[in-house]
Amino acid sequence: MTNDIIAALALVREQKPLVVNITNFVVMNTTANALLAIGASPIMAHSQQEMTEMMQITGSLVINIGTLDSVWIERMLFAVEQANAYNKPIILDPVGCGASLLRTQTARTIAANANNLIIRGNASEIIALAGETSQTKGVDALDSSDTALTAAHYLATHYQANVVISGEVDYVVSATRVISLKNGHHMMPYITGMGCSLTALTGAFAAVGDSTGLAATAILAIVGEIAAKHSAGPATLQLNILDGLYQLSADQIRQHLRIEVVSSL
Amino acid sequence: MTNDIIAALALVREQKPLVVNITNFVVMNTTANALLAIGASPIMAHSQQEMTEMMQITGSLVINIGTLDSVWIERMLFAVEQANAYNKPIILDPVGCGASLLRTQTARTIAANANNLIIRGNASEIIALAGETSQTKGVDALDSSDTALTAAHYLATHYQANVVISGEVDYVVSATRVISLKNGHHMMPYITGMGCSLTALTGAFAAVGDSTGLAATAILAIVGEIAAKHSAGPATLQLNILDGLYQLSADQIRQHLRIEVVSSL
Amino acid sequence: MTNDIIAALALVREQKPLVVNITNFVVMNTTANALLAIGASPIMAHSQQEMTEMMQITGSLVINIGTLDSVWIERMLFAVEQANAYNKPIILDPVGCGASLLRTQTARTIAANANNLIIRGNASEIIALAGETSQTKGVDALDSSDTALTAAHYLATHYQANVVISGEVDYVVSATRVISLKNGHHMMPYITGMGCSLTALTGAFAAVGDSTGLAATAILAIVGEIAAKHSAGPATLQLNILDGLYQLSADQIRQHLRIEVVSSL
């Protein structure tokens, strides 16, 4: 898998894929910079009047519900339709799923409508998105990461999606496999938009063929871990992560990656 | 008062209060990062469809009118209503008050509707918000900070609010007391969203019980002053301030705080 | 010309001109910080309810179509009308022109309506904005920068505008003159909003009388070139550019400026 990740990085830098983002106001700048730093070409566009053209030329569509309202929901659903029409991968970030009905329902509708779907969220968002069905199944869960894995597995089968759970340990989940990644740093959650950046990067790698979310997850966690070594606080960490995405080498990936196939059906 | 500030900081870091922000597009990222760095938990939400749920779970509501239009004004007024219903403190940042009728009137309407109110602005915004009434009273003012103090005192009594005036000297004003704070650095106004960050931090401290604005004002000014010592320009200063909020110790507060009760009725 | 640029910088720092920006969500923070760092006074305002007042007090109007929809188009066109009424320079950034009909048509409508116009874009945006007419004329173009120059010349005469083409070499084009600037650094396009920052800075200099775009173009490229010398990646570069705008001296301009009048009619 290490070589797949290295190859995917090389492909992004070579192809510079266009990634269309319908994302929240808080992180638009941050995720655009993360995409540029890794070598991709971001565009933030949301008008229905240009979405068909955008879906023709893009490599993927990233949808992030962090600052939601009814006007933007319409735009997101239209964009999903157009992405489906042009067979483009859709990456969904269900920000705040569970904190309001609006977010939970919108995330589920997007997930239900998307044909080629990757979902990226933290444990509580993934659990909320899966909802009662998975929580019922999750009664036997031994701890919260087990609950999240059960939820992710439900989402993977129910929506035929790949799922990434971000956290101290990241999990890359498909219907048939769970991979754990033990990179990253405890200061990363102190930067807003770190999860959203992972979602955006997942879009860049999906555009060059990684439909699992693995390459983006591994790369951001490795870069964060390296960057934290010389960061006194979260703002310096963010700066070093962006520089690190730009500088990341295959050797650094080989040296730092801590990956494990947890289960394989 | 020094011990109150130190205790408030410890409370924010321990309780990690949720702060709901309806703020302007320019500073959403900046203020979310400031809230995370101090230890709070920011969420930017504006839809009326989720505001009731948000007000149930939040510690406070921050409203910032920096990029205003009629749709957002409706949202702000609805959020104020919901914050009142759940007895949550409201922190108002009247950005650009006085520069247009729209801003002045909107800020006044929000102030009039909010039950538990803290207002944070610069001198000209505070003076414009108070308007003719206070300016009449301010005829006797000896200088511009006196005019602002007169205006702040008017706002404090008229709206039963606490008021923070940001500037070279910061003032924390209630109906019965004026406190001056002489920390900070002259380069801070060269970063966009520094005042908005103070407003957001005021929301974090209000959520743990400081309804005066004092703790946030003291802390940001101290952190700015320390950060400026090793900052060659405003971008480095912003970075060092965010790192500094994350790292700030009780000892640093004790060493740097320059506070004075100017008047007490 | 070197002395004109130095004089313009001194004027911006002295007059601190207000620059009203109707810009995209991605770069609002970035361009506000760039304007502050150079010494100007940015305000991001878009509501039609305050635009007349804003155009009375502003030095210029910056319009950037990076995140476009029908509501914002209306606001932009109204603002252009008001800027014309108060005889204020308008700086147009046709972000993504050519990527969708919506962007191309909106940029052309704004350009057609603006009385005192400066256009700032990259080569492909300038070519798309000029459209078939210029491409027909551009049949003889020897390379892509020739095509862009032909397009810029068409825009300059057709809209009675000044035009800046950003790229490895920057061009400042009027109906009667082409100036080339060979400063800058290859890492600058890895930061989102670098072109948008140039557009915003162009607004600051237009507010103090430089209707050509020359001073802003020279200054940002020089600052970027100096900043890159001690920047390991794009995030550090962005930080150093903002600090550099704040620190820039007349001597640095004299030492670094590589400027040439390419043609003069």
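Note on naming: letters A, B, ... go to the chains in the order of the sequence lines (proteins, then strands), and numbering restarts at 1 for each one. Everything quoted here is computed from the prediction, not taken from an experiment.
- Pairing each heavy atom of P234(B) with each of D243(C), the nearest pair is N-OD1, 3.2 Å.
- With a threshold of 4.5 angstrom between heavy atoms, L239(B) approaches chain C through side-chain atoms but not through N, CA, C or O.
- Both the backbone and the side chain of S70(B) come within less than 4.5 Å of a heavy atom in chain C.
- If you measure heavy-atom distances from M51(C) to chain B, you find no contacts under 4.5 Å at all.
- Residues N24(B) and M28(C) form no side-chain contact, since every pair of their non-hydrogen atoms from C-beta on lies 4.5 Å or further apart.
- Between L68(B) and H46(C), the closest heavy-atom pair is O-NE2, 3.7 Å.
- Heavy-atom pairs under 4.5 Å with chain C were tallied for G193(B), G66(B), S100(B), A232(B); the largest tally goes to S100(B).
- E50(C) places no side-chain N or O within donor-acceptor distance of the main-chain N or O of R103(B), the cut-off being under 3.5 Å.
- The heavy-atom pair separating A99(B) from M54(C) by the smallest distance is CB-CE, 4.2 Å.
- Put simply, OG1 on T236(B) and CG on N240(C) are 6.5 Å apart, with the number rounded to the nearest 0.5 Å.
- The minimum heavy-atom distance between N29(C) and V26(B), with the atom names listed, is ND2-O, 2.8 Å.
- Listed in order of number, the residues of residues 163-170 of chain B that approach chain C to under 4.5 Å between heavy atoms amount to none.
- Distance check: I38(C) CD1 to Y190(B) OH gives 11.0 Å after rounding to the nearest 0.5 Å.
- In this structure, the portion of I43(C) lying under 4.5 Å from any heavy atom of chain B is its side chain and not its backbone.
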- Task: Could you walk me through whether N33(C) and Q238(B) pass the side-chain contact (heavy atoms from CB on, under 4.5 Å) test, one step at a time?
- Result: CA-CA 10 Å; N33(C) 274 326; Q238(B) 177 167 40; 3.9 Å; yes
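- Annotation: ring pair (Phe, Tyr, Trp, His ring centres under 6.0 Å) contacts involving residues 18-43 of chain C, sequence neighbours excluded, comprise F25(A)-F25(C), F25(B)-F25(C), F25(C)-W72(C).
- Put simply, the side chain of P42(C) does not reach to within 4.5 Å of the side chain of T192(B), judged on heavy atoms.
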